Amino acid sequence: MTARFDQGPWAAAGLQTVQPGVHRVPLPLPNDGLHAVNVYLLEDLADDGGIVMIDGGWAIPEARKALEEALAAIGRDLGDISHILVTHIHRDHYTQAVELRRLLGSRVCLGAGERPGLEMLDRLRSDQPVGSLRTLRRAGAGELADRIEAMDHGGYDPSVWEAPDRWLGAETLRFGDRELHVVPTPGHTKGHVVFLDEQRELLFSGDHVLPHITPSIGFELAEPGGRPLADYLDSLRLMTRYADARLLPAHGPVADSAHSRVGELLAHHDDRLAKSLAALGEDTLDAHAVARKLGWTRRAVPFGELNAFNQMLAVNETAAHLDVLVLRGQVKVRFLGGVNQYTRVW
């Protein structure tokens, strides 16, 4: 699950040049445990001399100001942004991209797997995580789902949830003599994508591979469907089929090896699968009950000490791990009274 981690200088305002023509800019996330989201400015891709930006940030005045100041540091301004390539639909990545398009005419691109979530937003006119709430109820955490549903989620602003100019699949984007490979990496969301610059050995990983934390799994606006953790593990292994690259994540500092961090994330989930199986024991339990028996974050915080939002992430992640154990034949599941009940196979 996503959790707080030690805030180092990576989240401080300003621009970091990763290498010539590639800059990391942390944009603020007020009242969010992550504190900042990295966007990346690529100066030498667009044919017209403009800037290609990877991820957009959250459409709030603080983020807009930080982006303007970072651009000024390299002699640029917002009008130079020609394309915004977004890794996934979450508001800290997508909403400012739409706002900048409306103001400047920048072209916005988003993974095609995010289309159902965006269309559900348009139907519901709410940015509640409807899919995650349904998962909670199937996990036996109906009361928690009711509490989260009643919370203020910031209000729905249709102007920042418009469709992109282009839906992306597994393809190669060409900018002059340079290329960015779009690699679908479902798991964190169904439509998450990463952008791989093989020539410069750079992986813009969004929330798929993070250096200090593990991303939440299946945190969806729409119905998650399928097995989000199984998808995520497959997406992690997919990264090792490409040559290793520097890791340019959405949260946290730049790291030298994407492969190294992928190995750590796979090991982490192996450990959580084992602990989930042990917590199930000889009982028949729902995912909410199993989650309450586990520790959370690197400090093994008891479930009851988490706030409601992080309890939601914990329950949904536990359900995802139990579903992988079902796929592996180590657990069986029955759907009773609207709740999935899990039993270990001995």
Side-chain angles (χ1 to χ4, degrees), residues 1-8 10 33-34 38 87-88 183-189 192-194 196 201-219 224 226-281 287 290-303 306 310 313-331 342 344-345:
M1 59 178 289
T2 303
R4 290 185 72 102
F5 56 91
D6 295 335
Q7 294 302 313
W10 81 266
L34 293 171
N38 293 323
T87 58
H88 61 295
V183 184
T185 50
H188 180 58
T189 66
H192 193 290
V193 298
V194 301
L196 177 62
E201 299 180 336
L202 301 176
L203 176 67
F204 300 92
S205 64
D207 283 4
H208 179 51
V209 183
L210 299 173
H212 288 162
I213 56 174
T214 59
S216 55
I217 302 301
F219 182 40
R227 294 291 186 264
L229 179 58
D231 291 341
Y232 180 66
L233 297 176
D234 286 344
S235 296
L236 283 177
R237 287 186 282 266
L238 175 62
M239 295 294 93
T240 66
R241 299 179 193 169
Y242 297 94
D244 199 6
R246 294 185 76 186
L247 177 65
L248 280 65
H251 306 284
V254 172
D256 288 335
S257 171
H259 283 187
S260 176
R261 183 55 180 157
V262 165
E264 293 172 353
L265 288 168
L266 288 169
H268 163 79
H269 283 290
D270 283 343
D271 178 67
R272 295 302 290 183
L273 287 163
K275 287 178 177 174
S276 298
L277 190 61
L280 189 59
V290 175
R292 295 199 301 271
K293 299 172 84 173
L294 297 170
W296 296 96
T297 80
R298 290 180 295 176
R299 296 181 289 112
V301 174
F303 181 86
L306 301 174
N310 280 311
L313 297 181
V315 171
N316 288 356
E317 182 172 312
T318 301
H321 281 89
L322 291 170
D323 287 339
V324 167
L325 292 170
V326 170
L327 288 175
R328 295 181 177 182
Q330 294 174 274
V331 168
Y342 298 88
R344 185 170 181 174
V345 175

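What you are looking at is a predicted structure, and each value in this text was computed from that prediction instead of being measured.
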### Message
Does any part of the side chain of Leu265, heavy atoms only, come nearer than 4.5 Å to the side chain of Val209, both counted from C-beta?
### Response
yes
### Message
Take a 6.0 Å sphere around NZ of Lys293 and say whether it holds more than 12 heavy atoms from other residues, nucleotides or ligands.
### Response
yes
### Query
Do the side-chain N and O atoms of His251 and Asp207 include a donor-acceptor pair separated by under 3.5 angstrom?
yes
### Side-chain heavy atoms of Leu233 within contact of Leu266, under 4.5 Å
yes
### Message
Are the side chains of His208 and Thr87 in contact, using a 4.5 Å heavy-atom criterion?
### Response
no
### Query
Is a salt bridge present between Asp231 and Arg227, judged by a nitrogen-to-oxygen distance below 4.0 Å?
no
#### Entry: Note, Tyr242 side chain near Leu203 side chain (heavy atom, < 4.5 Å)
no
#### Entry: Close side-chain approach of Pro186 and Ser235, heavy atoms under 4.5 Å
yes
### Task
Begin with the C-alpha distance, continue with both residues' side-chain angles, and end with the deciding distance and a verdict on side-chain hydrogen bond (donor to acceptor under 3.5 Å, both in side chains) for His88 and Thr189.
CA-CA 7 Å; His88 61 295; Thr189 66; 5.5 Å; no
### Task
May I have the step-by-step check of side-chain contact (heavy atoms from CB on, under 4.5 Å) for Asn316 and Ile217, ending in yes or no?
CA-CA 8 Å; Asn316 288 356; Ile217 302 301; over 6 Å; no
### Query
Mind checking whether Val315 and Phe303 have side chains closer than 4.5 Å, heavy atoms only?
yes
### 4.5 Å side-chain heavy-atom contact, His321 and His269
yes
#### Entry: Shortest non-hydrogen separation from Arg344 to Leu280 and the atoms involved
N-CD2, 3.6 Å
